[in-house]
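Here is the structure we will look at.
What you are looking at is a predicted structure, and each value in this text was computed from that prediction instead of being measured. Chain identifiers are assigned alphabetically (A, B, ...) following the order of the sequence lines, protein sequences preceding nucleic acid strands; residue numbering begins at 1 within each chain.
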Amino acid sequence: MTTIEVAAPGMLTTIQDLGRHGSRSSGVSPGGAVDTLSHRVANLLVGNPADAAALEITLLGPRLVFPTGAWVAMTGAAVGAVVVTADGRTTPVPAWHPIWVPDGATLICGSFALHGCRSSLAVAGGLDVPLLLGGRGTDLRSGYGGYQGRALRAGDQIPVASPRKPPADRHHVVVLPRTVPPELTPWPTGSPADGAVPPPIRVLRGPEFDAFPTASREALFNTTFVVTPDSDRSGCRLSGKALAPPTMSLSEVVVAGTIQVPPSGQPIVLAADHPVTGGYPRIAVVASIDLPRIAQAPPGAPLSFIEIGHDEAQQKLRERERTLRIFTLGLEYLR
Amino acid sequence: MASSLLTIEPLGDACLVVRFGTGIDAVTSRAVAAATAALTAAALPGVVDIAATFNTVAVVFDPHRADPRDLSGAILAGLQNLKSSAPTPGTIIEIPVAYGGDDGPDLAAVAAHIGLDSEAVVRLHTTTDHVVGMIGFAPGFPYLLGLPAALEVPRRATPRTSVPAGSVAIAEHQTGIYPRTSPGGWHVIGRTPRAMFDPRRDPPALLRAGDLVRFVPVTGPLRSGERIR
């Protein structure tokens with residue numbers, strides 16, 4: 001049995017997968033990785049099924065000790081990571097590539113560049129935590145799932161399910177060349193680190209869109225909102241021109257990406273850990289294709305919205321899925 | 001059931017919402033429960049989850065595997081069959097409740113507000129059947145309909161920061177049961193030792209939309225942390 005030892009947990013590191021599905025009628029949040037695209041790509045890079053349990057790292061990375069070597073891949077927000085081998089040598093390792101971490105080495109994930117918020121760290125074989133309600137992810141609010149229902153702490157021992165074969169030279173860091181197309185990252189139009197200005201987030205009209213006054217409907221699309229620091233796994237909270245929400249008499253169903261407007265008028269974009277129902281008007285819903293971009297918006301990031309139709313939303317998603325399938329076909333090596 | 005009145009509307013590109021009305025009543029809740037059961041049993045391709053509210057059933061799907069237009073048709077077909085099938089009466093689930101005292105700190109205030117004594121409030125609350133309108137707010141939290149009109153009180157002016165797990169509380173025309181200790185603005189009239197939610201149980205919530213609930217008074221206060229399964 002291979003385990004990974006947590007030397008330092010980082011700011012908020014949890015075990016996540018692609019969520020719990022099938023228990024919404026019991027009030028169970030889907031949970032899972034907030035940026036499902038980065039989670040899937042990280043797993044695919046190390047030969048795992050896309051939904052294997054992996055680490056979700058928030059803003060500041062952990063320090064992990066590998067008593068036995070393992071293949072890992074990091075995606076999502078770019079962490080400046082290094083591997084320190086048993087002989088004390090430090091090797092910088094890139095994100096978006098399969099990396100062999102040798103026996104006894106330590107993987108140190110640094111803090112993120114300003115354009116990201118969450119990183120996925122997959123380990124070949126997948127993290128071996130119990131399946132609960134159809135998922136292995138951590139539900140922080142309810143205190144179950146993942147590693148003992150909580151964020152990682154120093155001293156935790158994370159079991160790895162079925163480690164993959166080591167490379168011929170298992171005592172040195174190995175980085176396998178891979179090219180992940182930009183469409184399979186949360187920055188399809190180029191990294192803001194290179195000066196690219198991200199286009200507005202594409203949204204579909206929500207069920208209560210028409211109940212908002214005209215000025216609020218226009219403001220949704222003319223305002224540059226800013227992500228506030230109280231954002232978390234249940235929602236990305238925004239601040240900007242206050243919208244005027246109509247009153248709702250009953251709670252309604254919500255999904256990840258639903259943009260709710262509470263009485264304060266400041267919108268909340270729901271994320272993985274959202275409650276299954278909500279009582280605030282739903283002015284819009286973020287198109288699935290752009291959910292990874294919301295997941296990666298750090299506090300202080302500017303966000304604006306643009307309307308998209310249902311057909312276009314579906315078509316964009318299909319195109320990306322096709323790219324992902326083609327990419328996966330070229331990744332036989334680690335299987 | 002009035003399935004001719006239902007509408008299907010999208011919620012984003014990965015969810016379709018079937019609406020059975022805009023109000024809140026036991027008849028609609030039963031229709032929603034029947035539709036939830038039928039659509040769950042239908043196991044439509046690409047559907048990953050089904051959630052119900054007082055008057056809607058939401059069908060959450062994987063947009064990579066299902067086309068919303070095809071799915072809309074399949075949902076309508078699934079509910080068409082429902083129309084001819086006889087409505088099944090919901091299960092009656094008995095919930096033991098210790099009323100008043102430390103278990104129900106607001107019982108006396110509710111009684112005073114509506115001009116009755118505490119015994120009368122308990123009698124009214126335990127002699128009618130309540131229907132689970134929906135599960136929401138927190139995992140396993142039931143919104144129960146069927147509170148006698150005489151017991152209708154507005155929410156507390158100041159919500160409590162902490163309501164103990166198992167608390168049975170009323171507000172407006174509803175009763176709720178807190179599955180875990182949480183903040184709450186309803187009037188707590190009693191407490192049940194039954195676990196409303198257990199992630200290791202299938203289904204994890206004790207109650208589901210459409211179930212009938214009968215509250216049974218138990219004598220004496222509950223021991224701290226007392227639980228029955």
Rounded distance [0.5 Å steps], [atom1] in [X] versus [atom2] in [Y]:
{"X": "B:Thr53", "Y": "A:Leu250", "atom1": "OG1", "atom2": "CG", "result": "7.5 Å"}
{"X": "B:His64", "Y": "A:Ser288", "atom1": "NE2", "atom2": "OG", "result": "7.0 Å"}
{"X": "A:Arg318", "Y": "B:Asp67", "atom1": "CZ", "atom2": "CG", "result": "5.5 Å"}
{"X": "A:Ser142", "Y": "B:Phe197", "atom1": "OG", "atom2": "CZ", "result": "6.0 Å"}
{"X": "B:Met134", "Y": "A:Glu252", "atom1": "CE", "atom2": "CD", "result": "8.5 Å"}
{"X": "B:Asp13", "Y": "A:Leu291", "atom1": "CG", "atom2": "CG", "result": "7.5 Å"}

4.5 Å side-chain heavy-atom contact, B:Arg200 and A:Leu132: yes

A:Leu133 versus B:Arg201, closest heavy-atom pair with distance: CD2-O, 4.4 Å

Closest non-hydrogen atom pair, A:Pro207 against B:Pro10: CG-O, 4.4 Å

B:His113 atom NE2: more than 12 heavy-atom contacts under 6.0 Å: no

Atom CZ of A:Arg217 with >12 non-hydrogen neighbours under 6.0 angstrom: yes

Identify which part of [X] has an atom lying under 4.5 Å from any heavy atom of chain A, answering side chain, backbone, both or neither.
{"X": "B:Thr22", "value": "backbone"}
{"X": "B:Phe141", "value": "neither"}
{"X": "B:Leu11", "value": "both"}
{"X": "B:Val48", "value": "both"}

Heavy-atom pairs under 4.5 Å with chain B, option from A:Val255, A:Ile289, A:Asp139, A:Val28 with the top count: A:Val255

Residue, of A:Ser25, A:Gly145, A:Gly134, that accumulates the most heavy atom pairs under 4.5 Å with chain B: A:Ser25

Within residues 271-283 of chain A, residues adjacent to chain B where the heavy-atom gap is under 4.5 Å: A:Pro275, A:Val276, A:Thr277, A:Arg282

Check against side chain to side chain contact (heavy atoms under 4.5 Å, CB included), A:His21 and B:Val47: CA-CA 10 Å; A:His21 304 287; B:Val47 171; over 6 Å; no

Salt-bridge contact A:Glu321-B:Arg65 (side-chain N to carboxylate O under 4.0 Å): no

Options B:Ala138, B:Pro142, B:Pro68, ranked by heavy-atom pairs under 4.5 Å with chain A, top entry: B:Pro68

Contact winner vs chain A - B:Gly23, B:Gly12, B:Pro199, B:Ala58, heavy-atom pairs under 4.5 Å: B:Pro199

Toward chain B, the part of A:Val254 with a non-hydrogen atom under 4.5 Å: backbone

